[in-house]
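Nothing fancy with the numbering, it's 1 onward along the sequence.
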Amino acid sequence: MLGGDLVAAWDVALSDGVYRVEFAHGTTTGKRIVYVNGQEAVRKDWLFKLVGKETFSVGSSNTRATIIIEAVGGFAYQYTLEVDGKSLQTFIDNRAKTSKTWLLRVEDRDYRVVLEKDTMDVWCNGQKMDTTGEFVDDGTETLFLLGEHECCIKATSGGKKKGGIVHFLLLDGEKIPVSTQQ
C-alpha cells in the first residue's frame, strides 16, 4: 500500500481519535502522497518542484494539516507536520491544556475518552457523547453512559489559586487514572 517512498509518519491526537499521517515522497519523480490512517488524502504523481507544502484535513472536524518539505542540502529533505497552523509539538502542548484523555478497558473493550475543557464536550472512541451536566457542592459533574456503565467526569477546584480546575473520570464510582498519551 505505502510503497518504498515513505519518508515520514506522525500520530495526531484529536478528540475523535488518534490519526496516523504518513507521507511518501518520490525524490526523483516529485511524487507526493499523504495517507491518513492508511487512506490516500493527497496524491500528486509528477512534480518538478521537490520542495513545498501539502495541505489536507484530518478527523471528523476537518482539522487542517500541512506537511512542509524543505531541502537540507544535496538530495536530503526535511519533513515537518503542522496541525491547525502550529508545529505538531505546539499543537500537542496546546491540546494537553485544552483537553483531558483517559484510556480504559471495560468488559474486554478499549475506550478512549476525551474531555474538551473549553466546551465540556465528551468524546468516546470517535463519537461525541450525549452528556448531562450538573452543578454539585464542590464543582460540576458531566454524566454519560459507556454501554451499561455510568461515567462521571468531575471538575473541582484544585484548592490552590493557580492550580486551576482538576478533572477526573469515574466509571461506576471508581476513579480512572488520566492517560499520559493523548
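- Around the CD atom of Glu70, the shell of radius 6.0 Å holds more than 12 heavy atoms that belong to other residues, nucleotides or ligands.
- Atom OG of Ser87 sits about 8.5 Å away from atom CD1 of Ile92, to the nearest 0.5 Å.
- For the pair Asp118/Glu116, a side-chain contact is recorded, criterion being any heavy-atom separation below 4.5 Å from C-beta on.
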Please walk me through it: do Glu150 and Leu145 pass side chain to side chain contact (heavy atoms under 4.5 Å, CB included)? CA-CA 5 Å; Glu150 290 183 14; Leu145 290 173; 4.0 Å; yes
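- Considering CH2 of Trp10 and CZ of Arg20, their distance stands at 10.0 Å, rounded to 0.5 Å.
- With respect to Lys31 and Asp45, no salt bridge is recorded, no charged nitrogen being found less than 4.0 Å from a carboxylate O.
- Classification of Lys44 and Glu54 as a salt-bridged pair holds, one side-chain N sitting under 4.0 Å from a carboxylate O.
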Verdict with supporting geometry, Arg32 and Ile67, side chain to side chain contact (heavy atoms under 4.5 Å, CB included): CA-CA 10 Å; Arg32 298 179 190 175; Ile67 296 173; over 6 Å; no
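- For Asp110 (side chain) and Arg105 (main-chain N/O), no donor-acceptor pair under 3.5 Å exists by modelled atom type.
- Criterion: ILVMFWY side-chain heavy atoms under 4.5 Å apart, direct or through other members. Under it, Trp123 and Met120 are not part of a common hydrophobic cluster.
- Expressed to the nearest 0.5 Å, how far CG of Leu146 lies from CD of Glu107 amounts to 10.0 Å.
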Is there a side chain to side chain contact (heavy atoms under 4.5 Å, CB included) between Asn94 and Asp84? Walk through the geometry before answering. CA-CA 11 Å; Asn94 288 350; Asp84 227 6; over 6 Å; no
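- Nearest heavy-atom pair, Val51 versus Tyr77, reported as atom, atom and distance to 0.1 Å: CG1-CE2, 4.0 Å.
- In the hydrophobic cluster analysis, where Ile, Leu, Val, Met, Phe, Trp and Tyr join through side-chain heavy atoms closer than 4.5 angstrom, Leu14 is grouped apart from Met129.
- Side-chain heavy atoms closer than 4.5 Å link hydrophobic residues (I, L, V, M, F, W, Y) into clusters, and following such links, even through other members, never connects Ile33 to Ile68.
- Between Lys154 and Asp138 there is a salt bridge, with a side-chain nitrogen of the basic residue lying less than 4.0 Å from a carboxylate oxygen of the acidic one.
- Between the CG atom in Asn62 and the CZ atom in Phe56 there is a gap of 12.0 Å [rounded to 0.5 Å].
- Between Val34 and Glu22 the shortest side-chain heavy-atom distance does not fall below 4.5 Å.
- Scanning both residues, Leu81 and Ala65, for their nearest heavy atoms gives CD1-CB, 4.2 Å.
- Other residues, nucleotides and ligands place more than 12 heavy atoms under 6.0 Å from the CD atom of Glu40.
- Between Leu50 and Ile69, every side-chain heavy-atom pair lies at or beyond the 4.5 Å cut-off.
- The heavy-atom pair separating Ala41 from Val36 by the smallest distance is CB-CG2, 4.0 Å.
- The aromatic rings of Phe23 and His25 sit parallel to each other, their planes meeting at less than 30°, with 60° as the upper class boundary.
- Closest approach of Ala13 and Phe91 over heavy atoms only: O-CE2, 3.9 Å.
- Partner Glu134 forms a side-chain contact (heavy atoms from CB on, under 4.5 Å) with one of Leu143, Thr140, Thr142 and no other, that one being Leu143.
- A pairwise comparison of heavy atoms in Phe144 and Thr131 identifies CB-CG2, 4.0 Å as the closest pair.
- Crowding of Lys117 atom NZ: a count of heavy atoms from other residues, nucleotides or ligands under 6.0 Å exceeding 12.
- By the rule that hydrophobic residues join a cluster once side-chain heavy atoms approach within less than 4.5 Å of another member, Leu170 and Tyr111 end up as members of separate clusters.
- Between Arg112 and Ser15, the shortest heavy-atom contact is NH1-O, 3.6 Å.
- For the pairing with Thr101, the side-chain contact (heavy atoms from CB on, under 4.5 Å) check across Val114, Val18, Val178 returns one residue only, Val114.
- Here the CG-CD1 distance, from Leu115 to Ile153, works out to 4.5 Å after rounding to the nearest 0.5 Å.
- For Lys53, the NZ atom sits in a loose shell: 12 or fewer heavy atoms of surrounding residues, nucleotides or ligands are nearer than 6.0 Å.
- Summarising the geometry, atom CZ belonging to Arg95 is positioned 11.5 Å from atom CG belonging to Leu88; distances are rounded to the nearest 0.5 Å.
- Under a hydrophobic-cluster definition in which Ile, Leu, Val, Met, Phe, Trp and Tyr are linked whenever side-chain heavy atoms come within less than 4.5 Å, directly or via other members, Val12 and Val42 are assigned to the same cluster.
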Mind running side chain to side chain contact (heavy atoms under 4.5 Å, CB included) on Val83 and Val58 for me, showing each step along the way? CA-CA 9 Å; Val83 181; Val58 179; over 6 Å; no
